[in-house]
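Worksheet: the structure to be examined is printed underneath.
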Amino acid sequence: QVQLVESGGGLVQAGDSLTLSCVASGRTFSSSAMGWFRQAPGKEREIVAAIRWADSGTFYADSVKGRFTISRDNAKNTVFLQMNSLKPEDTGVYYCAARHFLGISTDWDRYDYWGQGTQVTVSS
């Protein structure tokens, strides 16, 4: 089992920055990739960014490329999502997810463990 705890969400204005953190505990060595997903009211959960544990390879959704950066701290079993130039359309609940095998996937149902989510609200 892997436990994931997100933090760092909040209410900000358009153009501001936020950094989300996801601390993993438990059988963290069994994870091959971790991702950040978000879900806005009335919309499907969508991938924002993901990072592969073996070589730090990354994936970004087109909507966040150039604005968001995913990174990791192995020693602390923590994954970060640095979000810059935030827009109102970035509003949603942000979830951290871990996947056992096969590295990065853009499909939320390919991930095995999920955090409880943290709310990000960007006002215009």
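In this chain, numbering begins with 1 at the start of the sequence shown.
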Applying the 4.5 Å side-chain criterion to the ILVMFWY set and letting contacts propagate, would [X] and [Y] be lumped into a single cluster?
X: V48; Y: Y113; answer: yes
X: L4; Y: I47; answer: no
X: F37; Y: F59; answer: yes

Tell me whether [X] contacts the main-chain N or O of [Y] through its side chain, where contact means a donor paired with an acceptor under 3.5 Å.
X: Y111; Y: S105; value: yes
X: R110; Y: R99; value: no
X: E6; Y: C96; value: yes
X: S32; Y: H100; value: yes
X: R52; Y: G103; value: no

Pairwise side-chain contact, [X] with [Y], heavy-atom cut-off 4.5 Å (strictly under):
X: Q119; Y: T91; value: yes
X: W114; Y: R45; value: yes
X: V79; Y: I70; value: yes
X: R38; Y: V64; value: yes
X: V12; Y: M83; value: no
X: F101; Y: D112; value: no
X: F68; Y: L86; value: yes
X: Q82; Y: S71; value: no

Distance, nearest 0.5 Å, that separates [atom1] of [X] from [atom2] of [Y]:
X: Q3; Y: N77; atom1: CD; atom2: CG; result: 11.5 Å
X: T118; Y: Q116; atom1: OG1; atom2: CD; result: 7.0 Å
X: Y94; Y: L81; atom1: OH; atom2: CG; result: 7.5 Å

What closest approach, in Å, do [X] and [Y] show between heavy atoms, and which atom pair accounts for it?
X: Y60; Y: A49; result: CD2-CB, 3.7 Å
X: V23; Y: K76; result: CG1-O, 4.3 Å
X: Y95; Y: G115; result: CD2-O, 3.7 Å
X: A54; Y: R72; result: N-NH1, 4.0 Å
X: S85; Y: S17; result: N-OG, 4.3 Å
X: G57; Y: I104; result: O-CD1, 3.5 Å

Next item on the list: Tell me, with the steps shown, if W53 and N74 meet side chain to side chain contact (heavy atoms under 4.5 Å, CB included).
Entry: CA-CA 9 Å; W53 221 247; N74 287 0; 4.2 Å; yes

Checklist line | Single hit among P88, S123, S124 for side-chain contact (heavy atoms from CB on, under 4.5 Å) with Q13 | finding: S123

Notebook entry, point to check: Is K65 salt-bridged to D62, going by a charged N under 4.0 Å from an acidic O?
Noted result: yes

Next item on the list: Inspect the surroundings of CD in E44 and state if more than 12 heavy atoms from other residues, nucleotides or ligands are less than 6.0 Å away.
Entry: no

